[in-house]
J.: 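Can you keep this structure in mind? I'll have questions shortly.
Every number for a ligand or one of its atoms is a count from 1 in the order of the listing.
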Amino acid sequence: MDPLAQLKERISGARSLVVLTGAGISADSGVPTFRGTDGLWRSFRAEDLATPEAFARDPRLVWEWYDWRRGLISTKRPNAAHVALADLERRGPSFHLITQNVDGLHRNAGSQWLTEIHGNIWMVRCTACGSVEPNHDVPIALLPICRHCRGLLRPHIVWFGEALAAADIQQSLKAVQSCDVLLVVGTSGVVYPAAGFASLAKEQGAFVAEINIEPTGNSHIVDVAVQGRARDVVPLLL
Ligand code: OAD
């Protein structure tokens, strides 16, 4: 049986489906990936822009970079793959979407049972009181300040060297360890803990599939690897 047909059959028979996505799914909406040919980490140094140390050193530089990314993402729309995953959730058995993407496109597409394990670029968090709020407009010239305590706000993003929120990792591990099918879409599989989800699901006996334009760090352990663009392949699963 061809890999796609096999995957469709597994999904239709699954009691519990978990999908893990990465930057590749939003690449089809025009959002740059991190490690691809036009990937952000090819032009920018993560240690200058996406670490707590970088923010402590130069919060304005970090905010300028996130503001630039917000401007870019604000012009992008969910693509057929985001929409298909939201559809799959509505049709589904038990469904859980875990994304490493911070662009908010899954929610815009209608996904609800969603864990954004690396945060969301449209949320800010106070470095003093910890409150988290939606925010679409950062006054870069002044630096954004918390309306509750006047503390400095930061992007609500998990930076390198930081731990994931405890609730997010617990929810994700529970879903991955108890699913029948794990589908991994558009991630290079190099950033942990998400990079370990495929082998974890496999160890628990799940059927694990990957959709990507090229082989990844997960390809050798998955049951089926479908090579292609997310926006072309994911809608075929419906
Ligand atoms: P990467 O940029 O590392 O990987 C993107 C993956 O998407 C690659 O495997 C590509 O082959 C694949 N890809 C590209 N275009 C695709 C398409 N149209 N359809 C399907 N696949 C496609 O992005 P992530 O794996 O998401 O963290 O990176 C993980 C984390 O590293 C990110 O969340 C980010 C980054 O540092 C933070 O910012 C905290």
Side-chain angles (χ1 to χ4, degrees), residues 3-4 7 19-55 62-63 65-66 68-70 72-73 76-85 97-106 114-123 125 154-165 168-169 172 182-198 209-222 224-237:
L4 190 64
L7 175 55
V19 182
L20 168 69
T21 64
I25 193 165
S26 292
D28 282 338
S29 293
V31 180
T33 65
F34 293 92
R35 298 175 183 82
T37 35
D38 297 323
L40 294 173
W41 297 149
R42 291 185 181 244
S43 325
F44 300 99
R45 281 161 43 95
E47 51 275 45
D48 293 340
L49 299 164
T51 63
E53 294 77 20
F55 191 69
V62 173
W63 261 123
W65 191 65
Y66 277 96
W68 169 74
R69 284 183 59 200
R70 283 172 157 218
L72 190 90
I73 291 167
K76 310 303 178 199
R77 300 285 167 261
N79 63 60
H82 295 104
V83 172
L85 290 181
L97 176 56
I98 303 168
T99 189
Q100 298 166 89
N101 299 344
V102 299
D103 53 34
L105 293 181
H106 281 302
L114 170 68
T115 308
E116 294 171 312
I117 54 171
H118 290 169
N120 185 302
I121 203 162
W122 302 111
M123 307 286 281
R125 183 165 86 243
R154 57 166 278 178
H156 186 48
I157 303 269
V158 178
W159 284 326
F160 288 99
E162 293 185 318
L164 268 56
D168 289 348
I169 187 70
S172 303
L182 173 70
L183 172 62
V184 182
V185 185
T187 175
S188 54
V190 296
V191 175
Y192 282 82
F197 289 174
E210 173 179 76
I211 298 173
N212 202 298
I213 52 169
E214 61 189 19
T216 74
N218 283 321
S219 302
H220 66 288
I221 57 151
V222 302
V224 295
V226 182
Q227 205 158 333
R229 302 180 75 103
R231 70 157 184 230
D232 298 331
V233 179
V234 180
L236 301 177
L237 300 175

J.: Indicate yes or no for a side-chain donor-acceptor contact from T99 to the backbone of N101 under 3.5 Å, with no hydrogens or angles considered.
T.: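 It does hold such a pair.
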J.: For the backbone of A54 and the side chain of T51, can you confirm whether one donor and one acceptor N or O come within less than 3.5 Å of each other?
T.: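 Yes.
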J.: Okay, side chain of R125, backbone of P155: is any donor-acceptor separation there less than 3.5 Å?
T.: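 Looks like no, no N/O pair under 3.5 Å.
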J.: Any idea which protein heavy atom is nearest atom 36 (O) of ligand 1, and the distance to it?
T.: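 Nearest neighbour among protein heavy atoms for atom 36 (O) of ligand 1, to 0.1 Å: W41 NE1, 2.9 Å.
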J.: Verify whether one side chain among T115 and D168 offers a donor that lies under 3.5 Å from an acceptor in the other.
T.: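 No donor-acceptor contact under 3.5 Å links the two side chains.
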J.: Within a distance under 4.0 Å of any heavy atom of G22, pick out the atoms of ligand 1 and give their elements.
T.: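 Answer, ordered by atom number: 26 (O).
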J.: Is there any N or O on R35 that sits under 3.5 Å from an N or O of ligand 1?
T.: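 Looking only at distances, the answer is yes, because the N/O contact criterion of under 3.5 Å is met.
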J.: Should you measure from each heavy atom of F160, which atoms of ligand 1 turn up under 4.0 Å away?
T.: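 Heavy-atom distances to F160 below 4.0 Å select 36 (O).
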J.: Among all protein heavy atoms in this structure, tell me which lies nearest to atom 22 (C) of ligand 1, with the distance rounded to 0.1 Å.
T.: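 Atom 22 (C) of ligand 1 sits closest to the protein heavy atom G24 CA, 3.5 Å.
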J.: Show the atoms of ligand 1 that are less than 4.0 angstrom away from any heavy atom in V158.
T.: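 It comes down to these atoms of ligand 1: 39 (C).
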J.: Below 30° counts as parallel, above 60° as perpendicular, anything between as tilted: where do the rings of W41 and W65 land?
T.: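 The arrangement is parallel - the two ring planes meet at less than 30°.
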J.: Can you pull out the closest protein heavy atom to atom 30 (C) of ligand 1? Residue, atom name and distance to 0.1 Å, please.
T.: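 Protein heavy atom with the smallest distance to atom 30 (C) of ligand 1: V191 CG2, 3.7 Å.
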J.: Under 4.0 Å, counting heavy atoms only: does W159 come that close to any atom of ligand 1?
T.: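 False for this residue.
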J.: Nearest to atom 29 (C) of ligand 1, what protein heavy atom do you find, and at what distance?
T.: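 Answer, as residue, atom name and distance: Q100 OE1, 3.4 Å.
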J.: Would the distance check show the side chain of S29 and the main-chain N or O of V31 forming a donor-acceptor pair, the cut-off being under 3.5 Å?
T.: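 Looks like no, no N/O pair under 3.5 Å.
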J.: Should V233 and L4 count as side-chain neighbours, where that means a heavy-atom distance under 4.5 Å?
T.: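 With C-beta onward as the side chain, the pair touches.
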J.: Would you mind listing which atoms of ligand 1 come within a distance below 4.0 Å of any non-hydrogen atom of E214?
T.: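 Atoms satisfying the 4.0 Å criterion: 11 (O).
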J.: Check whether N212 reaches the backbone of S188 with its side chain - one donor and one acceptor, N or O, closer than 3.5 Å.
T.: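 No; zero donor-acceptor contacts below 3.5 Å.
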J.: Any idea which protein heavy atom is nearest atom 23 (O) of ligand 1, and the distance to it?
T.: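 Result: A23 CB, 3.4 Å.
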J.: Where is the nearest protein heavy atom to atom 37 (C) of ligand 1: which residue, which atom, and how far?
T.: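 Going by distance alone, atom 37 (C) of ligand 1 is nearest to H118 ND1, 3.9 Å.
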J.: Side chains of L237 and L183, heavy atoms from C-beta outward: is any pair under 4.5 Å?
T.: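 They are in side-chain contact.
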J.: Taking the side chain as C-beta and beyond, is there a heavy-atom pair between L85 and L97 under 4.5 Å?
T.: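 SC-SC contact between L85 and L97 confirmed.
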J.: Among G186, A195, P32, G119, whose heavy atom sits nearest atom 6 (C) of ligand 1?
T.: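 The nearest heavy atom belongs to G186.
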J.: Look at atom 25 (O) of ligand 1 and say which protein heavy atom is nearest, naming residue and atom and giving the distance to 0.1 Å.
T.: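 Its nearest protein heavy-atom neighbour is T187 OG1, 2.6 Å.
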J.: I'd like to know if the side chain of S219 and the backbone of T216 have a donor-acceptor N/O pair within less than 3.5 Å.
T.: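 Pair found, side chain donor or acceptor close to backbone of T216.
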J.: For ligand 1, which atoms, with element, lie under 4.0 Å from some heavy atom of A27?
T.: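 Those qualifying, in numeric order: 15 (N).
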J.: Please report which non-hydrogen protein atom sits nearest to atom 19 (N) of ligand 1, along with the residue it belongs to and the distance in Å to one decimal place.
T.: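 I find the closest protein heavy atom is A230 N, 2.9 Å.
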J.: Heavy atoms only: which of T33, N218, I211, N212 lies closest to atom 8 (C) of ligand 1?
T.: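 Ranked by closest heavy atom to atom 8 (C) of ligand 1, first place is N212.
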